[in-house]
2 protein chains.
Amino acid sequence: MPHVAELAHKLKKAGYKLTPARLAVIDVLESGGEHLCHNQILEAGQKIYPKLSRATVYRTMDILVELKLMRPLYLNEPTQRFVSAAGGHHHLVCTRCGQTIEFDDCTANELVDQLADRYGFQIHHHLLEFRGVCVNCQ
Amino acid sequence: MPHVAELAHKLKKAGYKLTPARLAVIDVLESGGEHLCHNQILEAGQKIYPKLSRATVYRTMDILVELKLMRPLYLNEPTQRFVSAAGGHHHLVCTRCGQTIEFDDCTANELVDQLADRYGFQIHHHLLEFRGVCVNCQ
DNA sequence: CAAAAATTGAGACGGTGTCTCAATTGTGGC
DNA sequence: GCCACAATTGAGACACCGTCTCAATTTTTG
C-alpha cells in the first residue's frame, strides 16, 4: 500500500507539480482498498476535491505508472485496475464473488530463465493469476 | 487450435442449433490465429457470412465459453480475447510489438496446492503471463 | 509584474459491450 | 417434404469507457 508522502514526494522529485487534483488521487490510492479502477479513483477523489475530472485521473495514473509507482493490471475484466508497484504481483481471484487476494510467493523464476533462453526474450516482469472459488462461496 | 467439426458437434450436442452465423464464428476460430478478440472474429466472420452481426458474435462466444470450449483472457489491454480451452494457457508477451507466444510449461502446480491450503480456495485454473521484449525488438 | 509553462475541467468523440425487438430460420413431429 | 413453434438473428439504441482537444486557470520564472 502506497504512502501519500512517498508518492507525493516522488512525483515532485520527478518534476511534477503537487496540485490539489493530484494530491486527491494520491490520497485515494493510499487510503482506498486495493485494485482500484479509474472510476473508483475518480469518485473517491471527488469527495476530497470535488472539481477533480476524469481526464485528470487518467493523466495522473499515467504518470504514476510511468514512474513505476503504480502497476496496471486486468483481472479478467475489461477494466484496468491499479496496484502499488511495491506490492505482490500475483493474484488469487474468486470467480464467484470477485474477491481478490494478492500474494508474493513465486516459483516462476526458473521458468523465466528457460523462456528467455528458448525464445530470446528479455523478460521484465510476470504475473500469475489463479482462479477458483473462495471459502465463502464454496 | 479448435476443430470446426469438434466445436460444431459439441454445440449441437449441448442443444444449440447449428446456424450459418455460428458456423462462421467457429470457422474463424478454427482457421484464424490465436488470441482473437470479438472484433477480429466479427470482421473475419463477415467474410464468410456477411450478415453476421456483432451481437451474434458476442452471444456465440458466450456459449463457447460457457461450454468451456474456449477461454477468455485479457492480455494487458481492455479487450477480451479468446484461446482454445485445450491450448496452452500461458503467455509471453512483447511489450513493444505485441507479439504473443503461447506455451504450456508450468511449474506452478506446487504453488496451486500451497495457495489452496493457505486460503481455502478451490483453484480451477491459472494463468501465467510473462512480459518483456522479443528478439526483434531488442 | 508580466510572460511563459504546466495543469486543469469540461465536453466532444469513437469504440465496446449490453440489450431490446421485430423478423427470420432451424428443427423435430407429422 | 412440410409445418408450427421455439430458438436465433440483425439492426440499432444505449450507456459507458478511454482518448483527445481546447480554452481557462494556476504556477513558475525572469
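Chain identifiers are assigned alphabetically (A, B, ...) following the order of the sequence lines, protein sequences preceding nucleic acid strands; residue numbering begins at 1 within each chain. The figures here come from the full heavy-atom set of this structure, side chains too, leaving out hydrogens, waters and symmetry mates. All values reported here derive from a predicted model rather than from experimental measurement.
- Nearest-nucleotide positions on DNA chain C place R54(B) closer to the 5' end than the other of K51(B) and R54(B).
- Without hydrogens or angle criteria, T56(A) side chain to L52(A) main chain gives no donor-acceptor distance under 3.5 Å.
- A nucleotide of DNA chain D counts as in contact with chain A when one of its atoms lies under 4.0 Å from a heavy atom; the first and last such, 5' to 3', are dC17(D) to dT28(D).
- Side-chain contact between H38(B) and M61(B): present, with at least one pair of heavy atoms (C-beta onward) separated by less than 4.5 Å.
- A 4.5 Å side-chain heavy-atom check between L11(A) and L64(A) finds at least one atom pair inside the cut-off.
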**Message:** I'd like to know whether H90(A) forms a side-chain contact (heavy atoms from CB on, under 4.5 Å) with L111(B), so could you lay out the CA-CA distance, the side-chain angles of the two residues, the decisive distance to 0.1 Å, and finally the verdict.
**Reply:** CA-CA 11 Å; H90(A) 306 322; L111(B) 199 46; over 6 Å; no

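- The shortest side-chain heavy-atom distance between C134(A) and Y119(B) does not fall under the 4.5 Å cut-off.
- Residue contacts for K17(B): at a heavy-atom cut-off of 4.0 Å it reaches a base atom on one of the strands shown.
- Overall, the helix from dC1(C)-dG30(D) to dC30(C)-dG1(D) carries an axis bend of 30° between its ends, with five pairs at each end and the value rounded to 10°.
- Among H91(B), Q80(B), E129(B), the single residue meeting the side-chain contact (heavy atoms from CB on, under 4.5 Å) criterion with L73(B) is H91(B).
- Contacts between residues 55-63 of chain B and DNA chain C, defined by a heavy-atom separation under 4.0 Å, are made by A55(B), Y58(B), R59(B).
- To the nearest angstrom, P of dT24(C) lies 22 Å from CG of L18(B).
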